[in-house]
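Shown next, in structure tokens, is the structure this report addresses.
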Amino acid sequence: MTALDYSVRMLRIAAAAADEQKASDIIAIDVSDALGITDAFLLASATSARHMNAIAEEIEKQLALQGNAKPREREGVGDESWILLDYGDFVIHVMTEESREFYALEGLWKDCPIIDLGMNG
């Protein structure tokens, strides 16, 4: 299993957890060629800080249960707009809709391939 294969498997678990918590605009981007320090990003939007925290907590819980994975770093705890979960091989960004629009990470990585998360919709 390559690192990217592992990352995709973990991102699918994370995406399902985010979806379960009603996150919107869930996408994953393969940044391995462009960035080199991580394989992929998962982006998910939340409607509020409370919603963002619930999404991040469910992602952490499911990755621990299903993937035996724990984040190396968790940044933005208590932040009102963005939580970053750094798992080394992949990074998860849970953002309020306003922050996601403002920072436009998809635009920064627009030349990178989108990862199929196996989700409907």
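Counting begins at 1 with the first residue of the sequence.
F90 is not connected to L65 by any chain of hydrophobic side-chain contacts under 4.5 Å among Ile, Leu, Val, Met, Phe, Trp and Tyr, and they are in different clusters.
With sequence neighbours excluded, the residues forming a side-chain contact (heavy atoms from CB on, under 4.5 Å) with S81 are D79, T96, S99, listed by chain and number. Among residues two or more places apart in sequence or in another chain, the side-chain contact (heavy atoms from CB on, under 4.5 Å) test is passed with Q66 by I13, Q62. Applying the side-chain hydrogen bond (donor to acceptor under 3.5 Å, both in side chains) rule to T38 yields no partners; only residues at least two apart in sequence or on another chain are considered. Residues forming a salt bridge (charged side-chain N to carboxylate O under 4.0 Å, His left out) with R12 (at least two apart in sequence, or on another chain): none. Residues meeting the ring pair (Phe, Tyr, Trp, His ring centres under 6.0 Å) test with Y103, sequence neighbours left out: W82. Residues satisfying the side-chain hydrogen bond (donor to acceptor under 3.5 Å, both in side chains) test with E57, not counting sequence neighbours, are none. In this view, E60 and R74 satisfy the salt bridge (charged side-chain N to carboxylate O under 4.0 Å, His left out) rule, not counting sequence neighbours. Residues that satisfy the side-chain contact (heavy atoms from CB on, under 4.5 Å) test with A15, not counting sequence neighbours, are I26, L42, L117, M119.
Taking all atoms of both residues into account, the shortest heavy-atom contact from L11 to A28 is CD1-CB, 4.1 Å. Nearest heavy-atom pair, I59 versus A14, reported as atom, atom and distance to 0.1 Å: CG1-O, 3.6 Å. Heavy atoms only, all atoms of each residue included: M10 and A69 are closest at SD-CB, 4.3 Å. Pairing each heavy atom of A46 with each of I55, the nearest pair is CB-CD1, 3.7 Å.
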Can you give the donor-acceptor pairs under 3.5 Å from side chains of residues 107-116 to other protein atoms, not counting sequence neighbours?
residue : atom : partner : partner atom : Å
D116    : OD1  : G118    : N            : 2.8

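Distance check: K70 NZ to Y87 OH gives 9.5 Å after rounding to the nearest 0.5 Å. For the atom pair OG (S45) and CE (M52), the distance works out to 11.0 Å, reported to the nearest 0.5 Å. From F41, atom CZ reaches atom CD1 of I27 across 11.0 Å, with rounding to the nearest 0.5 Å. To the nearest 0.5 Å, atoms CG (D30) and CG (D39) are separated by 7.0 Å. Taken from NE2 in H93 to CD in E75, the straight-line distance is 10.0 Å, to the nearest 0.5 Å. Taken from CG in L35 to CD1 in I29, the straight-line distance is 11.0 Å, to the nearest 0.5 Å.
Listed by first and then second residue, the ring pair (Phe, Tyr, Trp, His ring centres under 6.0 Å) pairs that reach into residues 47-71 come to none, sequence neighbours excluded. Screening residues 13-25 for side chain to side chain donor-acceptor pair (under 3.5 Å) gives no qualifying pairs among residues at least two apart or on separate chains.
A heavy-atom distance below 4.5 Å is found between the side chains of E106 and R100. Side-chain contact between L63 and L85 is absent, with no heavy-atom pair separated by less than 4.5 Å.
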